[in-house]
Amino acid sequence: ILNVEQSPQSLHVQEGDSTNFTCSFPSSNFYALHWYRWETAKSPEALFVMTLNGDEKKKGRISATLNTKEGYSYLYIKGSQPEDSATYLCARSGYSTLTFGKGTMLLVSP
Amino acid sequence: DAGVTQSPTHLIKTRGQQVTLRCSPKSGHDTVSWYQQALGQGPQFIFQYYEEEERQRGNFPDRFSGHQFPNYSSELNVNALLLGDSALYLCASSSPGLAGEETQYFGPGTRLLVL
């Protein structure tokens, strides 16, 4: 993998569904993996910074895992709510810069 | 704390013109990075400023230049605008931390349309 890739590109779920997204990234020269949530017309909001293989982080109903050896991270949302509707971006750190994927657009219907 | 602020929010220019975008970092942050998000793409790194110097640069032509002031605020300048420069320009600020681990806090962006 040369670039940061995210899948799926978009997702439409019903309120209460649990869902997950994937972020794949080059595993060489790895510093950290960042997840952001970006609601329309707002600033991207930092969710997690993950550095160690096997890292698992949680914030409310959202959690993320990291596998640096194979170069992927999963973001999970448990019991999706309409307010979770947003684009979820992952970014791989270089020394001090971020390389982003194209994001996963989540729509949660009531 | 006002967070990262950017101005203007929207801008319309014509090809060949020059534009300046402005960014004020989050209080306590001394590093400012600029990103370009074209339609359908993720944000792409333009450059980063620290201590009023350009510390790192992405794959952007010299038409893109910047500046950081003593109060850590920053400007992004784009000369000889092309239609392809139409995009959302994001500014992010951060404070020193372990390399790659520092969280970058983003502003809401400036949407530039080049006609």
Side-chain angles (χ1 to χ4, degrees), chain A residues 1-10 21-53 55 57 59 64 66 68 73 86-105, chain B residues 1-7 9-10 23-26 29-51 53-60 66 87-111:
Chain A
I1 295 174
L2 298 178
N3 298 312
V4 177
E5 297 171 359
Q6 292 188 246
S7 63
Q9 184 176 352
S10 64
F21 325 132
T22 303
C23 173
S24 301
F25 53 88
S27 54
S28 59
N29 298 320
F30 176 83
Y31 283 90
L33 194 284
H34 301 248
W35 280 100
Y36 285 86
R37 185 173 91 161
W38 196 358
E39 293 181 64
T40 304
K42 294 188 177 180
S43 306
E45 172 197 356
L47 289 173
F48 306 114
V49 180
M50 308 175 77
T51 56
L52 299 175
N53 186 47
D55 243 358
K57 298 231 172 163
K59 185 176 183 178
L66 179 68
T68 60
S73 175
T87 295
Y88 291 82
L89 289 167
C90 71
R92 178 183 179 274
S93 286
Y95 178 74
S96 60
T97 65
L98 298 176
T99 300
F100 282 90
K102 293 183 180 181
T104 293
M105 187 183 302
Chain B
D1 182 6
V4 179
T5 60
Q6 293 186 242
S7 64
T9 55
H10 295 83
C23 172
S24 291
K26 189 175 167 67
H29 287 183
D30 58 5
T31 303
V32 173
S33 303
W34 287 92
Y35 293 83
Q36 180 197 65
Q37 190 194 27
L39 200 62
Q41 303 296 315
Q44 188 174 358
F45 174 71
I46 303 174
F47 42 54
Q48 184 181 81
Y49 277 84
Y50 172 68
E51 292 188 343
E53 299 279 335
E54 183 182 290
R55 179 158 74 172
Q56 281 196 263
R57 187 178 184 91
N59 189 24
F60 278 80
L88 181 70
Y89 289 84
L90 292 164
C91 168
S93 72
S94 56
S95 57
L98 290 174
E101 293 184 34
E102 63 271 19
T103 295
Q104 294 192 18
Y105 293 82
F106 284 83
T110 293
R111 187 162 297 281

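In the text below, chain A, chain B and the rest are named by the order of the sequence lines, each starting its count at 1. Values reported hereafter were calculated over all heavy atoms of this structure, with side chains retained and with hydrogens, waters and symmetry mates removed.
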Closest non-hydrogen atom pair, [X] against [Y]:
X        : Y       : answer
B:Gln104 : A:Thr97 : NE2-CA, 4.2 Å
A:Gly101 : B:Pro43 : O-CD, 4.4 Å
B:Gly107 : A:Pro44 : O-CD, 3.7 Å
B:Gln37  : A:Trp38 : OE1-CH2, 3.0 Å
A:Lys102 : B:Gln41 : CE-OE1, 3.4 Å

Inset, instruction - Report yes if some heavy atom in the side chain of B:Ser33 is under 4.5 Å from a heavy atom in the side chain of A:Leu98; otherwise report no. - result: no
Legend entry - Heavy atoms of other groups near B:Arg55 CZ, more than 12 under 6.0 Å: yes
Legend entry - Neighbour count above 12 (heavy atom, 6.0 Å) for A:Glu45 CD: yes
Inset, instruction - Answer with side chain, backbone, both or neither: which region of A:Tyr36 has an atom nearer than 4.5 Å to a non-hydrogen atom of chain B? - result: side chain
Legend entry - Under 3.5 Å donor-acceptor, B:Tyr35 side chain and A:Phe100 backbone: no
